Amino acid sequence: TLKFNAISNRGTVTGGAGFIGSHTVVELLEAGHHVTVIDDCSNTAPPARVGGIPPSLERVQQIVGPLMAKRLKFVLGDVTDPQDLDFAFGLKKKHAVIHFAGLKAVGESKEKPLSYYRVNQGGSVALLEAMERANCTNIIFSSSATVYQPAKTIDDLPLSEDSPTGGTTNPYARSKLHVEEILADACVANSNLSVVNLRYFNPVGAHESGLIGEDPRGIPNNLMPYVSQVAIGRRPHLNVFGSDYQTHDGTGMRDYIHVVDLAKGHLAAMRRFNSHTKSRGFESYNLGTGQGTSVLELVKAFREASGKEIPTVFTERRAGDVAWLWCAPNKALKDLDWKATRDISDMCRDMWRFQFRSMNPSGYVTDNSEERE
Ligand code: WQD
């Protein structure tokens, strides 16, 4: 277990008001950490009042309870702005940074590549420079399995951390790979810098309380939130993008990982920042279950979890989609003593509880009720 000193560790979490960030903040607080979140709230509801905290973090405080809630600080700020970053670092000496803040929609990145490069690369460079000023040398980076070269045959799976990267087909994926390279270069220039680079496969689901979860603005790009909105009656049917892939049922296969397992993976990654040993430099870890699940298998699991019908319509493949994507998560088990424990039915059950609660009048109103069709 992580050894805490009396005041425990203090961390800065960029983008901590978002889907994966908020779930990670729950785990950090429950493990005894003090956390400062900096988030511009461009992809989640902002604080209701000046000086307040975003609704997603209010619900994090509800989950962890009043004692741990006091250990959470929030800065409404821009990760590309050195002053905002210095303010977030200035509150107290930080042991480590977890960097989630960034733009993450594949399709949008093709329309706005400069925004993606300015925020994802520019924000990461600004953050590294702020860390230097604050003498903070530990960072966990939120990377993505899309940095890997698309598998040509099913024999290329599962992907390990040494699988070839590059050949990616969109600015979002390119920005993630480039930030990895920036971090690796920064480690070469500064032997005290430690980077744990986490490559997420497909994060889905929600906290078991049903208070926080994936609640995209407008029409969901990703499968799980779309299926969930069909189940609750917000969408008429699911379009299945392609049924002619070389898989057992013709639909695309992915390594879906429960967002709470993913959040716990960040806590486990903190173990690599042991101040008593020399920095290990730049290290990458796949965070996935090692299990491939097809679109139709996920739809079936969601039907069972929700008890709702999920009408499906088969359409053309989506441009840029790969047939298969799943990992071998052995390295994270060996080095971080971490493995995913929740299966696809847990993911569907927890997503459904969150969806139902956020749409149900007796629950709370969802943050992103406005619709951008
Ligand atoms: C999963 C499967 C689709 C929607 C993306 C990003 C990746 C990461 C996770 C940020 C595929 C099929 C989907 C729908 C469908 N995001 N699908 N109908 O594309 O694997 O990964 O999200 O880090 O970077 O690329 O996830 O959920 O969009 O798709 O049939 O309405 O579901 O074809 O096979 P993807 P996804």
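Start at 1 and go down the list; that is how both ligands and their atoms are numbered. Computed from a prediction, not measured in an experiment: that's the story for all the values here.
Contacts of Y172 with ligand 1, taken as heavy-atom pairs under 4.0 Å, involve the side chain alone. Only the backbone of N221 comes within contact range of ligand 1, with a heavy atom under 4.0 Å; no side-chain atom does. Within the 4.0 Å heavy-atom criterion, the part of V295 lying near ligand 1 is the side chain and not the backbone. With a heavy-atom cut-off of 4.0 Å, R317 does not touch ligand 1 at all.
Taking every non-hydrogen atom of V240 and a distance limit under 4.0 Å, the qualifying atoms of ligand 1 come out as 30 (O). Taking every heavy atom of G252 and a limit of under 4.0 angstrom, the matching atoms of ligand 1 come to 34 (O).
Residues H266 and F100 bring their aromatic ring centres within 6.0 Å.
Here the straight-line distance linking atom SG of C187 with atom CZ of F282 works out to 7.5 Å at 0.5 Å rounding. Here the straight-line distance linking atom CZ of F241 with atom CZ of F314 works out to 12.5 Å at 0.5 Å rounding.
For atom 11 (C) of ligand 1, the nearest non-hydrogen atom of the protein is R254 NH2, 3.7 Å. Of the protein's non-hydrogen atoms, S144 OG, 4.7 Å is the one closest to atom 8 (C) of ligand 1. Distance from atom 33 (O) of ligand 1 to its nearest protein heavy atom, with residue and atom name: D321 OD2, 2.6 Å. Scanning the protein for heavy atoms near atom 19 (O) of ligand 1, the closest one is R318 NH2, 2.9 Å. In this structure, the protein non-hydrogen atom closest to atom 7 (C) of ligand 1 is T146 CG2, 3.9 Å. The nearest heavy-atom contact from the protein to atom 18 (N) of ligand 1 is N239 O, 2.8 Å. The closest protein non-hydrogen atom to atom 5 (C) of ligand 1 is N222 ND2, 3.6 Å.
When the heavy atoms of F19, Y226, F241 are ranked by distance to atom 14 (C) of ligand 1, first place goes to F241. The option from N202, L223, I219 that lies nearest to atom 13 (C) of ligand 1, judged by heavy atoms, is L223.
The cationic group of R199 does not satisfy the cation-pi geometry with Y285, failing either the under 6.0 Å distance to the six-membered ring centre or the 45° limit from the ring axis.
At least one heavy atom of Y256 sits less than 4.0 Å from an atom of ligand 1. Close to ligand 1: V106, with a non-hydrogen atom less than 4.0 angstrom away. Ligand 1 lies nowhere less than 4.0 angstrom from a heavy atom belonging to Y245.
Taking the six-membered ring for Trp and thresholds of 30 and 60 degrees, F356 and W352 have ring planes inclined between 30 and 60 degrees apart.
For the pair L72 and L57, the minimum side-chain heavy-atom distance is below 4.5 Å.
Applying the ring pair (Phe, Tyr, Trp, His ring centres under 6.0 Å) test to residues at least two apart or on different chains, the pairs with a partner in residues 119-153 are H99-F141.
At distances below 3.5 Å, not a single donor-acceptor pair connects side-chain atoms of R235 with backbone N or O atoms of Q229. A donor-acceptor pair under 3.5 Å is formed between the side chain of S56 and the backbone N or O of A17.
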Exercise. Would you please test Y200 and S142 for side-chain hydrogen bond (donor to acceptor under 3.5 Å, both in side chains) and show each step?
Key: CA-CA 7 Å; Y200 306 162; S142 163; 3.2 Å; yes

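With sequence neighbours excluded, no residue forms a ring-ring contact (aromatic ring centres under 6.0 Å, His included) with Y226.
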